[in-house]
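Single-structure report; data block below.
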Amino acid sequence: MKAIVDCNNFYCSCERLFKPHLDHKPVVVLSNNDGCIISRSDEAKALGVEMAGPYFKAKPLIEKHDVAVFSSNYNLYGDLSWRVMETLRSLVGKQNVEVYSVDEAFVDLSIFPPEELQAIAMQIRETVEQWTGIKVSVGVAPTKVLAKAANCLAKKHKHKTNCVVVLDTKDKIERALAATPVGDIWGVGGRYAHKLQEEWFITDALQLSKMSEEFARTHLGGVVGARLIRELKGIPSKEMEDELVSKKMIATTRMFGSPVDNINDIKEAVATYTSRAAEKLRRQHSAARIISVFVVTNEQDHSLGFNRGGTISTYTTLPVATSFTNELIKPAVTLVDELFKEGKLYKKAGVMLSGIVPDASIQGNLFLPETKNCERRLMDMIDNVNFSQRNDVLKFAASGTTRDWKMRQELRSPRYTTRWEELYEVK
DNA sequence: TCTGGGGTCCTAGGACCC
DNA sequence: TCTGGGGTCCTAGGACCC
């Protein structure tokens, strides 16, 4: 049996942790650039504030009900996420936890006897809350997809379930599936949900679970769909994954605070994003060969859907994979020349690193010239200083110093747990 | 006039996730 | 006026190989 442990309204819960007066009050957290709403407390949901809706549209409602609003504070969320995951690891063993996202982890419970699952799940929920202050929901079932469905129900009926649902019999599974609309199934997105309902009159998960694998193979995206159906039928087809897999792609992309028409601003932004991406690369001890850069003009039309149109991109392949910021910045900035057109307004840019391989320069490498090994030590030093001090105390000149293009983040709360100067004070 | 069969690698794009 | 920022896997089709 597997469990999915999912933090409730994670970003909002993090904000509340240090502002107890906001308990039971509506809270929302905004995306970067204060663009849209990416986390809502239960109270905010009840008011009708929409998920992923643009902030400016929800503003009247938010002001009317005095909703507390925060810019996203990823330092804080990242640290609290780590605490939650550490708690899980200490409860069930490191090797049985698969961190799935910042606020979710799968937990392999096969080491526990079936009759104890309910109690174990409850203990996980209570311990995480006690140790970190973060409330979680736990769904337990034979497969990941069913566990996600269980979790969804646990959240939907908080009071009845105490945020824990265990699906350990055929009967419980069927009832749970019947109560799950197809669109709520993990792995069925908007497109497939629409198709299933319109073309096949399949509206709930129980109906879908009775379809054949062949059906899924032809109508739900091939082997992905087939696996989904198997999981719904209770046959594990998405196994627990190894924790320490390196990312195959690393991206850093941002909207600008306001549109930019100057190529140098874009180059500075791209250099900064490249530094970020290179840090992520070094953190997982990788190097990259392919670097792509894209820019988005403000011709992008949101009425057509989120990311449609206006994006142009290009890439270059380096002769040798590298994780050195300076070696990545140069080609990245050169790519901007290819993309930039005078007279247009740009609202976003991004850098993506791929062609990722293990870093050969780590720990001093006999086969590299000594200058390379020095550069490696320089990179480590920069990473250490930037991590322990303030972000970007040390940066490359190409990143610029004025940063006219940087994003808006007006409502960010202090980084209580990761910056000394912003520590929470008890009076 | 007739023009195989099998394989690999790469890329673009579509679907999904949080 | 103002709409994030990451990721994953899979498929189809083209280039190329023998």
Side-chain angles (χ1 to χ4, degrees), chain A residues 4 6-11 28-39 50-60 62 71-72 74 77-78 81 98-106 144-145 148 151-152 182-196 216-228 231 237-238 241 245-259 273 276-277 280 284 289-290 292 294 296 298 300-311 313-315 317 345 347-356 407-410:
Chain A
I4 177 90
D6 189 325
C7 303
N8 301 345
N9 314 327
F10 184 54
Y11 295 170
V28 299
V29 173
L30 305 179
S31 65
N32 271 328
N33 221 32
D34 296 344
C36 39
I37 293 161
I38 52 172
S39 181
E50 271 180 55
M51 182 58 173
Y55 176 42
F56 73 91
K57 271 193 188 164
K59 220 166 179 175
I62 284 174
S71 299
S72 33
Y74 293 108
Y77 312 150
S81 168
E98 175 199 333
V99 177
Y100 176 69
S101 75
V102 69
D103 67 335
E104 281 176 65
F106 286 103
K144 284 184 170 180
V145 170
K148 286 284 264 186
N151 191 286
C152 197
V182 269
D184 285 1
I185 302 170
W186 186 50
V188 178
R191 285 220 155 63
Y192 286 151
H194 183 80
K195 188 170 152 183
L196 286 169
R217 222 177 275 280
T218 36
H219 302 290
L220 284 179
V223 304
V224 181
R227 276 206 286 262
L228 179 72
E231 288 259 317
S237 306
K238 293 166 176 274
E241 271 166 36
V245 250
S246 296
K247 300 219 185 325
K248 297 166 182 168
M249 183 203 86
I250 286 172
T252 302
T253 73
R254 294 280 182 283
M255 301 272 303
F256 302 138
S258 50
Y273 303 162
R276 270 285 103 72
K280 295 182 197 170
Q284 67 167 41
R289 267 198 83 188
I290 300 171
S292 356
F294 71 84
V296 182
N298 68 348
Q300 186 180 65
D301 184 353
H302 292 286
S303 62
L304 295 176
F306 213 68
N307 289 321
R308 300 257 180 251
T311 304
S313 69
T314 182
Y315 69 91
T317 304
L345 272 176
K347 61 176 188 182
K348 180 177 184 176
V351 174
M352 283 187 264
L353 303 177
S354 52
I356 288 176
M407 65 180 180
R408 289 191 297 263
Q409 222 188 20
E410 289 156 3

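Order of the sequence lines sets the chain letters (A, B, ...), proteins ahead of strands, with each chain counted from 1. As a basis for the values below, the full set of heavy atoms in this structure was taken, side chains included, without hydrogen atoms, waters or symmetry mates.
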Looking for any heavy atom pair under 4.0 Å, which part of the strands does [X] touch: base, sugar-phosphate only, or nothing?
X       : answer
N32(A)  : sugar-phosphate
L30(A)  : nothing
K59(A)  : nothing
I185(A) : sugar-phosphate
Y192(A) : sugar-phosphate
V188(A) : sugar-phosphate

Fill in: Of V224(A) and T252(A), the one whose closest DNA chain C nucleotide lies more 5'
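Taking each residue's closest nucleotide, the earlier one in sequence belongs to T252(A).
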Practice prompt. Quick one: closest heavy-atom pair of G183(A) and A193(A), and the distance?
Written response: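 Looking at all heavy atoms of both residues, the shortest contact is CA-CB, 3.8 Å.
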Worksheet item: Can you tell which of dC9(C), dT11(B), dG7(C) lies closest to the side chain of Y315(A)?
Response: dT11(B)
Practice prompt. Provide the distance between the two P atoms, one in dT3(B) and one in dC18(C), to the nearest whole Å.
Written response: 24 Å
Discussion item. Is the phosphate of dT3(C) approached by S31(A) (side-chain N or O, under 4.0 Å from OP1 or OP2)?
Written reply: no
Discussion item. Does the structure place the NZ or CZ of K348(A) under 6.0 Å from the centre of the six-membered ring of F256(A), at an angle of no more than 45° from the ring's axis?
Written reply: no
